[in-house]
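In what follows, residues are counted from 1 in the order of the sequence shown. Side chains included, hydrogens not; waters and symmetry mates left out as well; all remaining heavy atoms used. One-based numbering, in listed order, for ligands and for the atoms of each.
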Amino acid sequence: MASSIITILSIVFFLILISQGYSQCSLKDISVTQYETGVVENKPEWTVYISNKCHCTQKNVKLNCTGFQTSLGITPSVLRVSDNECILNDGEPIDKNLHIVFFYVWDKSFPLNPISSEIICS
Ligand SMILES: *[C@@H]1O[C@H](CO)[C@@H](O)[C@H](O)[C@H]1NC(C)=O
């Protein structure tokens, strides 16, 4: 009797682990990587690659744009820069196969860490 309860508990625990592994996505799944890719008017040019590593779509993705500056304009529908936040892809869904690339030009790079998103798992 006791051993069957343990068995059931183990199965339940195992199922919880599996369901978490497969369905839980978070802001951490938004990957931001950037490289220095050139020089524009004596300032470094940075190329930013953003993708969603999760199988669930994420929308309304906002990045921390505190202090962000660029002497090269960025198409607002790709990255809409406001004071401390930037909206990615016009707030539209970013699914696993969408890779967003943009450039900016400034003396230093900015971390552009994701700060919020809405996760849509279907
Ligand atoms: C954004 O970045 C700034 C400077 O790096 C930091 O002080 C601030 O706490 C960040 N904001 C959020 C919401 O993470």
Side-chain angles (χ1 to χ4, degrees):
M1 184 62 191
S3 71
S4 64
I5 288 174
I6 289 171
T7 305
I8 289 168
L9 284 180
S10 319
I11 290 171
V12 167
F13 186 65
F14 184 67
L15 289 177
I16 289 171
L17 276 184
I18 290 204
S19 64
Q20 282 185 341
Y22 283 94
S23 69
Q24 296 266 309
C25 292
S26 77
L27 196 57
K28 291 196 185 77
D29 295 308
I30 301 289
S31 136
V32 178
T33 50
Q34 50 187 322
Y35 305 97
E36 193 176 336
T37 47
V39 174
V40 177
E41 291 167 358
N42 297 319
K43 283 190 166 126
E45 174 201 70
W46 307 89
T47 303
V48 186
Y49 300 87
I50 297 178
S51 63
N52 174 8
K53 305 281 183 205
C54 181
H55 62 281
C56 300
T57 295
Q58 302 207 31
K59 68 170 188 173
N60 287 329
V61 177
K62 292 181 182 156
L63 308 180
N64 189 343
C65 277
T66 303
F68 181 78
Q69 299 199 68
T70 175
S71 53
L72 177 79
I74 301 172
T75 309
S77 60
V78 176
L79 189 78
R80 193 177 303 278
V81 184
S82 70
D83 293 343
N84 294 326
E85 290 183 348
C86 289
I87 297 170
L88 197 59
N89 197 32
D90 240 352
E92 293 297 313
I94 298 169
D95 68 28
K96 205 173 181 211
N97 302 313
L98 185 68
H99 295 265
I100 294 172
V101 182
F102 61 88
F103 311 92
Y104 65 93
V105 173
W106 201 250
D107 299 311
K108 61 177 185 117
S109 66
F110 295 92
L112 301 174
N113 293 320
I115 48 178
S116 66
S117 73
E118 276 174 54
I119 297 166
I120 310 150
C121 286
S122 52

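The SG atoms of Cys25 and Cys56 sit 2.5 Å or more apart.
Contact of the Ile74 side chain with the Phe68 side chain is registered, since non-hydrogen atoms from C-beta on lie closer than 4.5 Å.
Distance remark: protein heavy atom present below 4.0 angstrom from atom 11 (N) of ligand 1.
Ring pair Phe110/Tyr104 is tilted by interplanar angle, where 30° to 60° counts as tilted.
Nearest non-hydrogen protein atom to atom 3 (C) of ligand 1 is Asn64 ND2, 3.6 Å.
In summary, the atoms of ligand 1 found under 4.0 Å from a heavy atom of Thr66, numbered by their order in the structure, are 1 (C), 2 (O), 3 (C).
Around the CD atom of Glu36, the shell of radius 6.0 Å holds more than 12 heavy atoms that belong to other residues, nucleotides or ligands.
Across Ile115, Asn113, Leu112, Leu63, heavy-atom proximity to atom 13 (C) of ligand 1 is greatest for Ile115.
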